[in-house]
Every structure is written in structure tokens, then in C-alpha cells.
Amino acid sequence: MRSTASNERKESSGRSKRLAVVVIGLVVGAAVICVVVVTHGLKRLHLEKNGFAEGMVYVNGTSLIGFVDEDYICATLDWWPPQKCDYGTCSWGASSILNLDLNIPILFNAIRAFSPLKLRLGGTLQNRVMYQKQGDQEPCSEFNITNNNDELFGYTKGCLPLSRWDELNIFFQKSRARVIFGLNALSHREVNTDGSVVGPWNSSNAESLMKYTVDKGFTIHGWELGNELSGHWIGANIGPDQYAADMVSLQNLVQKIYKNFEVKPLVIGPGGFFDANWFAEFVRKSNDSLQVVTQHIYNLGPGVDNHLIEKILDPSYLDGGSQPFRDLQNILKNSGTSTVAWVGEAGGAYNSGHNQVTNSFVFSFWYLDQLGMAASYDTKTYCRQTLIGGNYGLLNTDTYVPNPDYYSALLWHRLMGRHVLSTRFQGTPKIRSYAHCSKHSNGITILLINLDGITKTEVGVSVENVTLAVASKQEMKQTQSSKFGNKEFTREEYHLTAKDGNLNSHIVLLNGKELTVNSTGVIPSLDPIEVNIIDPITVAPHSIVFVHIPGIHIKACT
């Protein structure tokens, strides 16, 4: 059966009433049922009146537009010491890879809740860190701010003690994290006054760390080379030809050290801001030594910007964020490579973010839209800056308590499967919509983001490839008397809102209930409400809704 909604759109615009049609496919045994729920609306589906609107989300059930990693959600840990300050605010505290307290129960539970959570260890100062070698007698030096203009990035060199490396890996193993470690790409290299780097990568120090890691039995999911040294570089820059040669060196090193391993770590780079010409040359010259190409996203501008919320709630501004994803995919397709794309670091607003914005409820609008958009362009993993640290952490830097985006990430991880579906929303431009095959059912999960702070929208769902219709709500009510107890006739909804409607709140409500960590640091359960499948989805102003519909079984998900 063709979508009833598509036929409705062809009706004369002169009608005084408009029918909003909800088309939902259910699988009951071997039969496919199409439930059509008709509700009366105004002349145009997107017309708003008295703070109310109607809309329709169309999901293409025939084919996929992307296929993401099972552990698509990733977060970062950085090297910044407590002295790191931006715009007069010091927001990093003891969140560094070197000094983070690994004995805090909330931290352990927050990571373990994902099982697994990808963790990318890296950042600007990774290109200033050396790795202690076995037998070294001298103590490891710490990062310190320097007034010496010759010191790169404004900090002295630091050192990773092997004892700390042991602690980290034991913690990651117990919390079931998958670790991506960013290697120093400037080790033993000279940097000219114009920022250009002289000579090839010296891998000797990295090799010692990698061998030690293997000898200790620690598992590393991927080794990434360098941080923001490509294209639009920070502090120092490496040309695409040389960087590609350096990646070949890293690949050879991984093959040598892990020669007896059936599954070897990923080789990842360059961890930089997207520059089309630079990335195209880099991918072409890497000779398939590169499994993952990573870009960084800070498309909201500096953290000091007082217009961040305006940008986050502007659909046209959010749309502009799709360009790097689209361009990078075109590069990969045109190159014929098997290399895949990740977002290796994304904090939205650079220089540590903005307190009360990038760590508050409003940032989930940007973050979840980015997750949906990146996945729709076949980006395999998305690493949020940060797990903890700065003003954009998923966890509070001082208390380790989850910020709203933590729960947004956890819901995505639990509900959105690997298969990405083409989705289109008809109605107000303030509603953003994404859909995936569900993670733990044969159904689908839809994400709806309402950027509008005034208008409540009732949303219908149209899914293709259905074969039989129940014509009205009344007929469905007659049918449900014997069958509604079956889960296939219900859906699960997760409504996220800010406490007291304050977008700057650090407290999020799930289905009206405040999400809090208990006294022992246990992450709260994220329980849905069960809704009659024939009812439209109600999306409140400034809210986010995940909708899991297990009864919809479509071709693309099977």
C-alpha cells in the first residue's frame, strides 16, 4: 500500500480542514497491519495556532542511508592541567588523564552504564607528552604554563608515568571502556617559526609505550596519531604528504607489535579540523594504511560567544553543520578506500565551552542533532569533548554528577541501532527528526527535537511498505479489546525536558521525573512511558523525545 499521507498531500489546498494521518506498520505473527489514525487539523499541516501545531515524520523503510558502529557514542579525556584557563575561567580542575580520580564510584558507573563506551584519550597537549620507559630513574615531569614563547602551545612538555598508564588501563578494563589513545606526532621533531614541521615522525617513544602495553596485556581499540596538526592547524602543521607517510609508519608499527594478534588495533588520524583539499590529499596518499579518518567539530565558535543559545536553537544554523560530514564522505567514496569516518572530538564551542550553556540542558539540542546528522552521513563513531573536564563535559568536573547530555548520550546508545533510516519531517522547521532501526528489537526508534519554546506539536508517523489498513481510530479501539495487551500495539516514549523549563538547568527530567544519582553513585534507570500506538506523538516546547516502536518491522531493518 502506498502511504496514505502522500495521497493526502495531493488534496486540494482549498479544503477548510486538513487530515493529519498517522500510518504505523505493525507485525502481528505473520500478518502485517497498517494502522491509520485520523485526527482533524487545520488547513495546513504545519500551521500553528494557540501554541499548537501538527506535523508528520516520514520514515523510508526500504533502504538504509548509513551504518554506524555498535558503540557509536564516544567521549574524550584530555591532558589539560588545572591551570588551563579560558576567558578568565579555569574549568578543568582534576579532570586530566594524569590526575583524574579513578576511585570515584560515579565515574566508574557512568562509563560502565554503556558497556562499552569508547574513550578517546587525547587533545592539544598529547603532542607535548612523552611516555616513561621501563627502567627510567628520573621522575616524570608535569605540564606547566610557560612564558617562553619558544614553547609550543604555551606549556612545557609533560610525561605519562607507566604506573599511571597501568592504573588507567586497569580502570578501563573494569569499566568496559574501549580505548583510543592519541600518540604524540611531534615527538623528537622540530617546528619552524611558521609552524611547519621538519622531517618524518620519530616513532621510538611511541613504540616503547605500545610494546609495554602489549606485554602488560592491556587492550587498545585504536592508536591515533596527532591532534589538530592538519589543515586548519593549531600551533604546528604537517603537510598531507608527510602526514600520510607518518600514518604508514604507524601502520607498520602496529603490524609488527601486534603480529601475533588476530584482531589488531585500528590505525587512526589525523584528528584535525576538516579541510577538504588537505583531507583529500591525505586520504589518497595514505595507501590504505588508515582505517579511520577523524575530524574535529567546533562549529558554534568560541566559548565566549554570548549568542550560543541562539545558534543552537536556529534550525538553519544547525543545517549548516552537515557540510563537513557530506564533504568527507564524498572524499572517501571518490578515493575508493575502505577508510571510514569518525568525529574524533566535538565540543561545539571551542576553548572549553561556555558554563551554563554547553554543560546544561540546552546543549542536548545541538548534541543530539549532531549525533543524528553525523550518522545520516555514515559517520561510524562520534566522540564528545569531554567525558569530564572543561565546561562541556558529560559529567560535572567537580562532582562527577552527570550533566543533561550524559543522559541524552545514554538513551541514544541504548535505543538507536546501527542501521540509519532516511527521515523527513513535514511541518514546523523547528522540529528535527532522525530514525534508526532499534537497537534491541526488530522495530524502529525515532528521535524528535523541538527547538520551539512555545509550540507543542503533535506528530504523526508514516512508514512505508505496509499492506493492510484499519481505517479509523474507532475500528482500532474495537480491535484492541482483545489484542492491545500485546507490546506490538504500544510504543515506548522517553521525553526529556529541563527542570522548571530553564534551558540553562543542569538537571533534566525524563517523563517528568528528575534524573539523579543516588548516594552510592548509581546511575538512575531510564524508564519509558507506554503509549497507545494509535495516538500521535506529543512533543512539548523545548523538549526531546525518543520513540521506540517495537511493532514496526520494515525491510531496511531485516
## Note on the structure
Output for pair (S335 OG, F279 CZ), nearest 0.5 Å, gives 13.0 Å
### Task
Take the angle between the ring planes of Y258 and F261 and call it parallel below 30°, perpendicular above 60°, tilted in between.
perpendicular
### Message
Using side-chain heavy atoms (C-beta onward) and a distance below 4.5 Å, is L300 in contact with D305?
### Response
no
### Summary
Closest non-hydrogen atoms of S95 and G389, given as atom of the first, atom of the second and distance, are OG-CA, 3.3 Å
### Aromatic ring pairing F365/H542, orientation class (parallel under 30°, perpendicular over 60°, tilted between)
tilted
### Task
Look only at the side chain of Q83 and the backbone of I145, and say whether a donor-acceptor pair between them is shorter than 3.5 Å.
no
### S376 to V420 - nearest heavy-atom pair and separation
CA-CG1, 3.9 Å
### Task
Mind checking the OG-CG spacing from S204 to L253? Nearest 0.5 Å is all I need.
10.0 Å
#### Entry: S408 backbone acceptor or donor facing D405 side chain under 3.5 Å
no
### Query
Judged by modelled atom types alone, do N169 and Q173 share a side-chain donor-acceptor pair under 3.5 Å?
no
### Message
I need the minimum non-hydrogen distance between L395 and P402, along with the two atoms involved.
### Response
CD2-CA, 3.8 Å
### Message
Using the rule given for side chain to side chain contact (heavy atoms under 4.5 Å, CB included), can you reason through N252 versus V248, listing the C-alpha separation, both sets of side-chain angles and the distance that settles it, and then say yes or no?
### Response
CA-CA 6 Å; N252 292 338; V248 172; 3.8 Å; yes
### Message
I'd like to know if the side chain of N127 reaches the main chain of A185, judged simply by a donor and an acceptor atom lying under 3.5 Å from each other, with no hydrogens or angles considered.
### Response
yes
### Query
Does T379 reach the main-chain N or O of A375 with its side chain, forming a donor-acceptor pair under 3.5 Å?
no
### Message
Tell me whether K256 is salt-bridged to E207, with the criterion being a basic N under 4.0 Å from an acidic carboxylate O.
### Response
yes
### Pairs touching residues 89-100 that satisfy salt bridge (charged side-chain N to carboxylate O under 4.0 Å, His left out), sequence neighbours left out
none
### Query
Yes or no on side chain to side chain donor-acceptor pair (under 3.5 Å) for T339 and Q291, after CA distance, side-chain angles and deciding distance?
CA-CA 5 Å; T339 302; Q291 278 87 62; over 6 Å; no
### Task
Could you go through the ring-ring contact (aromatic ring centres under 6.0 Å, His included) check for F363 and Y392 one step at a time?
CA-CA 9 Å; F363 207 51; Y392 37 35; 8.1 Å; no
### Task
Identify, with sequence neighbours excluded, every residue that meets side-chain hydrogen bond (donor to acceptor under 3.5 Å, both in side chains) alongside Y400.
none
#### Entry: CD/E142: more than 12 non-hydrogen atoms of other groups inside 6.0 Å
no
### Task
To the nearest 0.5 Å, tell me how far S208 OG sits from L162 CG.
8.0 Å
### Task
Kindly determine whether W79 and F153 satisfy ring-ring contact (aromatic ring centres under 6.0 Å, His included), including the steps that lead there.
CA-CA 13 Å; W79 294 96; F153 309 118; over 10 Å; no
### Message
I'd like to know whether L125 forms a side chain to side chain contact (heavy atoms under 4.5 Å, CB included) with D78, so could you lay out the CA-CA distance, the side-chain angles of the two residues, the decisive distance to 0.1 Å, and finally the verdict.
### Response
CA-CA 8 Å; L125 294 186; D78 214 309; 5.6 Å; no
### Message
For Q356 versus N504, what's the shortest heavy-atom pair and its separation?
### Response
O-ND2, 2.7 Å
#### Entry: D288 side chain to T337 side chain, donor-acceptor N/O pair below 3.5 angstrom
yes
### Query
Salt bridge between R284 and D241, side-chain N to carboxylate O under 4.0 Å?
no
### Query
Looking at OG1 of T213 and CH2 of W223, how far apart are the two atoms once the value is rounded to the nearest 0.5 Å?
4.0 Å
### Task
Taking the side chain as every heavy atom from C-beta outward, state whether S196 and N237 have any atom pair closer than 4.5 Å.
yes
### Task
Return yes if some donor-acceptor pair links the side-chain N/O of N351 with the main-chain N/O of D86 below 3.5 Å, else return no.
no
### Task
Evaluate the ring planes of F325 and Y377, with Trp represented by its six-membered ring, and classify them as parallel (under 30°), tilted (30 to 60°) or perpendicular (over 60°).
parallel
### Message
I'd like to know if the side chain of N202 reaches the main chain of H188, judged simply by a donor and an acceptor atom lying under 3.5 Å from each other, with no hydrogens or angles considered.
### Response
no
### Message
Less than 3.5 Å apart, any donor N or O on the side chain of T76 or E345 sitting next to an acceptor on the other?
### Response
no
### Query
Say you draw a straight line from CG of L503 to CG of L313; how long is it, rounded to the nearest 0.5 Å?
6.5 Å
### Task
Please round to the nearest 0.5 Å and tell me the distance separating atom CD1 of I523 and atom CD1 of I106.
7.0 Å
### Query
For Q251, does its backbone N or O pair with a side-chain atom of S289 as donor and acceptor, under 3.5 Å?
no
### Task
Specify whether H436 and W412 have parallel, tilted or perpendicular ring planes, treating 30° as the upper limit for parallel and 60° as the lower limit for perpendicular.
perpendicular
### Query
Can you name the residues that form a salt bridge (charged side-chain N to carboxylate O under 4.0 Å, His left out) with D527, not counting sequence neighbours?
none
### Query
Between T445 and S438, does any side-chain donor sit less than 3.5 Å from a side-chain acceptor?
yes
### Query
How far apart are the closest heavy atoms of G344 and R120, and which atoms are they?
O-CD, 3.4 Å
### Task
Would you confirm whether D327, through its side chain, and P324, through its main-chain N or O, come within 3.5 Å as a donor-acceptor pair?
no
### W201 and L225, any side-chain heavy atoms less than 4.5 Å apart
yes
#### Entry: Electrostatic pair R432-D319, nearest N-O below 4.0 angstrom
yes
### Task
With D69 as reference, evaluate K380, K118, R178 under the salt bridge (Lys or Arg N to Asp or Glu O under 4.0 Å) test and give the passing residue.
K118
### Query
Does a donor on one side chain and an acceptor on the other come within less than 3.5 Å for W366 and N299?
yes
### Message
I'd like to check L526 versus L515 (side-chain heavy atoms, cut-off strictly below 4.5 Å). Are they in contact?
### Response
yes
### Task
Fit a plane to each ring of W278 and Y243, take the angle between them on a 0 to 90° scale, and name the class: parallel (under 30°), tilted (30 to 60°) or perpendicular (over 60°).
perpendicular
### Query
Is there a side-chain contact between Y155 and K84 (heavy atoms, below 4.5 Å)?
yes
### Message
Would you say that Q370 contacts I297 through its side chain, given a criterion of any heavy-atom pair below 4.5 Å between the two side chains?
### Response
yes
### Task
Would you please classify the geometry between the F108 ring and the F171 ring as parallel, tilted or perpendicular, with 30° and 60° separating the classes?
perpendicular
### Task
Using a cut-off of 6.0 Å, state whether more than 12 heavy atoms not belonging to E190 lie near its atom CD.
no
### Message
Is any side-chain heavy atom of L332 closer than 4.5 Å to one of V340?
### Response
no
### Query
Are F273 and Y350 close enough that their ring centers fall under 6.0 Å?
no
### Test item: S352 side-chain N/O and N391 main-chain N/O as donor-acceptor pair under 3.5 Å
no
### Summary
Shortest non-hydrogen pair, N396 vs D398, comes out as OD1-N, 2.8 Å
### Message
Just so I know, are the side chains of D166 and K216 near enough to count as touching, which here means a heavy-atom distance under 4.5 Å?
### Response
yes
### Query
Within 45° of the ring axis of Y72 and under 6.0 Å from its six-membered ring centre, is that where the NZ or CZ of R418 lies?
no
### Query
Can any side-chain N or O of R164 pair as donor or acceptor with the backbone N or O of I97 at less than 3.5 Å?
yes
